[in-house]
Protein chains: 2
Amino acid sequence: MKKEHKECMSALLPVRDTLDVIGGKWKLLILISIWEGNKHFRGIERSIPKLSTKVLSKELKDMEANQLITRTVINGFPVRTEYRHTEHSNTLKKVIMELQNWGINHRKKIFGDKSEISN
Amino acid sequence: MKKEHKECMSALLPVRDTLDVIGGKWKLLILISIWEGNKHFRGIERSIPKLSTKVLSKELKDMEANQLITRTVINGFPVRTEYRHTEHSNTLKKVIMELQNWGINHRKKIFGDKSEISN
DNA sequence: GTAATCAGTTTCCTTTTGGTAACCAGTTAC
DNA sequence: GTAACTGGTTACCAAAAGGAAACTGATTAC
């Protein structure tokens, strides 16, 4: 029993790392926008309603530091910046699917479980 | 390609649900403490350093609403409350393992990947 | 009466987060 | 020169989250 607990505890740091990367309101939305093909700052900004310039800027930096996206400056008129998703970001898709499946079942459990309401 | 995008978008709500349930600083720590066998408010509080009474109270309510734990009041001296994990909470273990695995690999990628530094 | 314990709640205050909008830099067009 | 577009940064203010400590209420013991 104590062993199980210690295994859980050792899971905590990596789990936190993952949640830092995909948690928050915007990170997944931004990643999806880039996966979808949006490459430029203003384009990404416009594709996500209610997302402000300031927050997008911060999130993109975080995501670049986490190697989920790359940032390339292209000189020309006007200077453009290209954001692209990385191979590493693709490894998130499996995690996202797991989170999605649990979320769907959880919602059923919380809202759709009629067997418990038969009082 | 547009299909892939729409699939991602439909994943968003369930993923958010899941992140709401396990995200944040304390929820997993509290769940682990209860999995470990801590049953009482003060016991859980003492088992997690830096966790305040106020936040624990709020988190326990959230977790009860999400059916991850049950709360039972036991009259006696003094009145005691028992928190226990549910069967439903056990379904999180698989999700946590996935998050852990991705976190471990991610950390390797970010900090331990020497093959890229050979410039 | 006082004291102590459990399980929280409430209050006050600080820190963090987030939004809005102005602003800067570089370049092209007029 | 001005305007317009890009990709952001900075400053200011409001909302939300979080910590510390006091407080409630029930009960038992003295």
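In what follows, every chain begins at residue 1, and chains take the letters A, B, ... in the order their sequences are listed. All values below come from the heavy atoms of this structure, side chains included, with hydrogens, waters and symmetry mates left out.
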S.K.: Rounded to the nearest Å, what distance is computed from the CD atom of residue Glu45(B) to the P atom of nucleotide dA21(D)?
M.R.: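 In whole Å, dA21(D) P lies 13 Å from Glu45(B) CD.
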S.K.: Does Tyr83(B) have a side-chain nitrogen or oxygen under 4.0 Å from the phosphate oxygens OP1 or OP2 of dC6(C)?
M.R.: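 No, outside the criterion.
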S.K.: Less than 4.0 angstrom between a side-chain N/O of Lys54(B) and OP1 or OP2 of dA22(D), yes or no?
M.R.: no
S.K.: Looking at Thr53(A), does any N or O in its side chain come under 4.0 Å of the phosphate oxygens OP1/OP2 on dG7(D)?
M.R.: no
S.K.: Has Ser57(A) got a side-chain N or O lying under 4.0 Å from the OP1 or OP2 atom of dT9(D)?
M.R.: yes
S.K.: Provide, to the nearest angstrom, the distance between the CD1 atom belonging to Ile74(A) and the C1' atom belonging to dT27(C).
M.R.: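 About 16 Å, once rounded to whole Å.
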S.K.: So is Lys93(B) actually on top of Trp35(B)'s ring, under 6.0 Å and inside 45° of the axis?
M.R.: yes
S.K.: So, is His40(A) close to the dG7(D) phosphate, meaning a side-chain N or O under 4.0 Å from OP1 or OP2?
M.R.: yes
S.K.: Could you state the CZ-P distance from Arg46(B) to dA7(C), rounded to the nearest angstrom?
M.R.: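 Value for this atom pair: 9 Å.
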S.K.: Parallel under 30°, tilted from 30 to 60°, perpendicular over 60°: which one fits the rings of Tyr83(A) and Phe41(A)?
M.R.: tilted
S.K.: If you compare every side-chain N and O of Ser52(A) against the phosphate oxygens of dT20(C) (OP1, OP2), does one of them come in below 4.0 Å?
M.R.: no
S.K.: Output the single nucleotide from dG19(C), dG8(C), dT6(D) whose closest atom is nearest the side chain of Trp26(A).
M.R.: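 Given the options dG19(C), dG8(C), dT6(D), the side chain of Trp26(A) is closest to dG19(C).
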S.K.: Distance check: side-chain N/O of Arg71(A) vs OP1/OP2 of dG8(D), anything under 4.0 Å?
M.R.: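 Affirmative; the distance criterion is met.
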S.K.: Between P on dT20(C) and CG on Leu51(A), what's the gap in Å once rounded to a whole number?
M.R.: 11 Å
S.K.: As a quick check of understanding, evaluate side-chain hydrogen bond (donor to acceptor under 3.5 Å, both in side chains) for Glu45(A) and Thr53(A), giving each step before the final call.
M.R.: CA-CA 7 Å; Glu45(A) 189 180 9; Thr53(A) 313; 2.6 Å; yes
S.K.: Separation of Asn75(B) atom CG from dA26(D) atom C1', in whole Å?
M.R.: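 Between C1' of dA26(D) and CG of Asn75(B): 10 Å.
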S.K.: Is the distance from OP1 or OP2 of dA7(C) to the nearest side-chain N or O of Lys39(B) less than 4.0 Å?
M.R.: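 Checking dA7(C) against Lys39(B), no side-chain N or O comes under 4.0 Å of OP1 or OP2.
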S.K.: Looking at CG of Leu12(A) and CZ of Arg16(A), how far apart are the two atoms once the value is rounded to the nearest 0.5 Å?
M.R.: 5.5 Å
S.K.: From CG of Leu56(B) over to P of dG18(D), roughly how many Å is that when rounded to an integer?
M.R.: 13 Å
S.K.: May I ask you to say what Lys61(A) touches in the nucleic acid, namely base, sugar-phosphate or nothing, with a heavy-atom cut-off under 4.0 Å?
M.R.: sugar-phosphate
S.K.: Measure CG/Asn38(A) against P/dT6(D) and give the value in whole Å, please.
M.R.: 13 Å
S.K.: So, is Arg80(B) near the phosphate of dT27(D), with a side-chain N or O under 4.0 Å from OP1 or OP2?
M.R.: no
S.K.: Could you pull out the closest heavy-atom pair between Thr18(B) and Leu99(A), with the gap in Å?
M.R.: OG1-O, 2.7 Å
S.K.: Starting at NZ of Lys27(B) and ending at P of dG18(D), how long is that distance when rounded to a whole Å?
M.R.: 9 Å
S.K.: Quick check: on DNA chain D, is the nucleotide nearest Val55(B) upstream (toward 5') of the one nearest Val79(B), or the reverse? Name the residue that is more 5'.
M.R.: Val55(B)
